[in-house]
Novice: 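Structure incoming, see below.
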Amino acid sequence: MGKRELLLLVVFVVVGVGVYQVSAPAAPADAPGFSLSRMVQMAKSHFVGDAVRTPVTRTATLGATPAVTTLDLGEVRGAVFVAGTDREDILVRLDTVIGGMDEADVAQQEKGLGLAVTGAGPVATVAVSFERGGRPPRYELHVEIPARLKVRLSGRGSAEIRGVASLHLDEYRGELNVADVAGPITGDLRESRAEFGPGTRMDLDARSVRLRADAPASVVLRSERGTVDVMDATGPVSIKTDFARMDIRGTGGPVHITGEGGTIELRDVRHPLTIEADRLTVNAELAIPVATTITVDDDTVEVTLPAEGGLQLEAAIENGSLRLPDGMTATKAGARESVSAALGDGGPLVKVTVDTGTLRVRTRAGRPATE
């Protein structure tokens, strides 16, 4: 920036301050007046950092009558810890650190920081206010509620939810850890890292989310460009993929995968498996003979058959490569290759169909390809 431009900038600032002082409404009696030195201090605080920092705590309570069924945490902009307890009221504690250029600045900010819990019908709402303008400082909310209440969560930050009746997420972003939630977990997750404990029942939309569920009771998930790890589910799993990476280890109910794009690894499959997708790379290992239907276009599918038990295999590919274990022979007809074989005494149908791509069928070590 040249001298001329710098001079013009200074002139504009001075004129602007003058116009504001003439036209602005009168400030409250306890508000600090205009001071050039104060402006310099504010600029210094912005670029160098706060000269004064003070811890601040606020608390609020609300009696949770039987009519209250839900706690809405609002737009969280920090960390929140929610615990369902045997208490009959709602207790919220806010902890934060307020920084400013001097004691007067910090005192003014502290005066404008508010916390309230209000009730309207079945919904109790937590509200954090900051009268200075702009967003409030980063804070922690510690919340204790009756375990029978549902919880709503939105905003951005980190959240731990324990022992509540259910949880609804409204495009929440950040870190999320959930455990011991009796009812369903629903809503939307965005740009998050989320972990769910045993017994979770989820029905979620997830975009750019790293999600892990340990021993969930049921999973219904629509995942877009994220990662999904489901470990030792105790119930059904249904995922619609939009270029997601999925890893499912252990099953406790039927598994149903649909959508387009991404990859999926399935291990220790012990329940019916259905996959209907385009451009999805599949690697599935069956632990026991179970009804299996895999239909994929434009990608690679690998299926490992169980070490023991009977099943009926039907595998076919159009416009691609079919690779079979020793002892199995494919039938070719034009661009189509297929095989039909009974293992053991036959049993559940394992049907795999690929249109354009590669299909590999493997058997575990020690088992003949056909018996």
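Small disclaimer: the values here were computed from a predicted structure and weren't measured.
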Novice: Mind checking whether Leu169 and Leu176 have side chains closer than 4.5 Å, heavy atoms only?
Specialist: yes
Novice: Do Val269 and Val255 have side chains that approach each other closer than 4.5 Å (heavy atoms only, starting at C-beta)?
Specialist: no
Novice: Using a strict threshold of under 4.0 Å (side-chain N to carboxylate O), is an ion pair present between Arg173 and Glu191?
Specialist: yes
Novice: For atom CZ of Arg162, is the number of surrounding heavy atoms from other residues, nucleotides or ligands below 6.0 Å larger than 12?
Specialist: yes
Novice: Quick one: do Val123 and Val80 end up in the same hydrophobic cluster if we chain Ile, Leu, Val, Met, Phe, Trp and Tyr together by side-chain heavy atoms under 4.5 Å apart?
Specialist: no
Novice: Closer than 3.5 angstrom, by distance alone: can the side chain of Ser192 be matched with the main-chain N or O of Gly174 as a donor-acceptor pair?
Specialist: yes
Novice: Out of curiosity, Thr356 OG1 to Asn319 CG, how far, rounded to the nearest 0.5 Å?
Specialist: 4.5 Å
Novice: Hey, quick one: are Ile288 and Val303 part of the same hydrophobic cluster, counting side-chain heavy atoms closer than 4.5 Å, chains of contacts allowed?
Specialist: yes
Novice: Tell me whether Arg207 contacts the main-chain N or O of Arg222 through its side chain, where contact means a donor paired with an acceptor under 3.5 Å.
Specialist: no
Novice: Stepwise, does the side-chain contact (heavy atoms from CB on, under 4.5 Å) test hold for Leu273 with Thr251?
Specialist: CA-CA 10 Å; Leu273 170 64; Thr251 62; over 6 Å; no
Novice: Check whether Val220 and Ile264 end up in the same hydrophobic cluster, where Ile, Leu, Val, Met, Phe, Trp and Tyr are linked by side-chain heavy atoms less than 4.5 Å apart.
Specialist: no
Novice: Can you tell me which residue among Leu153, Asp188, Leu167 is in a side chain to side chain contact (heavy atoms under 4.5 Å, CB included) with Tyr172?
Specialist: Leu153
Novice: Tell me whether Val92 shares a hydrophobic cluster with Phe130, the cluster being built from Ile, Leu, Val, Met, Phe, Trp, Tyr side chains joined at under 4.5 Å.
Specialist: yes
Novice: If only atom types and distance count, is the side chain of Thr200 paired as donor or acceptor with the main-chain N or O of Asp214 below 3.5 Å?
Specialist: no
Novice: Atom OG1 of Thr363 and atom CE of Met328: how far apart are they, to the nearest 0.5 Å?
Specialist: 6.5 Å
Novice: Looking at Ile98, Val106, Val97, which one forms a side chain to side chain contact (heavy atoms under 4.5 Å, CB included) with Val56?
Specialist: Ile98
Novice: For atom CZ of Arg193, is the number of surrounding heavy atoms from other residues, nucleotides or ligands below 6.0 Å larger than 12?
Specialist: no
Novice: Do Thr274 side-chain atoms and Thr293 backbone N/O form a donor-acceptor pair below 3.5 Å?
Specialist: no
Novice: Could you see if Tyr139 belongs to whatever hydrophobic cluster contains Leu91? Use Ile, Leu, Val, Met, Phe, Trp, Tyr and a side-chain cutoff under 4.5 Å.
Specialist: no
Novice: I'd like to know whether CD of Glu314 has more than 12 heavy-atom contacts from other residues, nucleotides or ligands below 6.0 angstrom.
Specialist: yes
Novice: To the nearest 0.5 Å, what is the distance between OG on Ser338 and CG on Leu324?
Specialist: 9.5 Å
Novice: Looking at Asp268 and Arg270, does any basic side-chain N land under 4.0 Å from a carboxylate oxygen?
Specialist: yes
Novice: To the nearest 0.5 Å, what is the distance between CZ (Arg201) and OG (Ser166)?
Specialist: 9.0 Å
Novice: Working to the nearest 0.5 angstrom, can you tell me the gap between Arg152 CZ and Thr70 OG1?
Specialist: 5.5 Å
Novice: What's the spacing between Gln312 CD and Lys351 NZ if we round to 0.5 Å?
Specialist: 11.5 Å
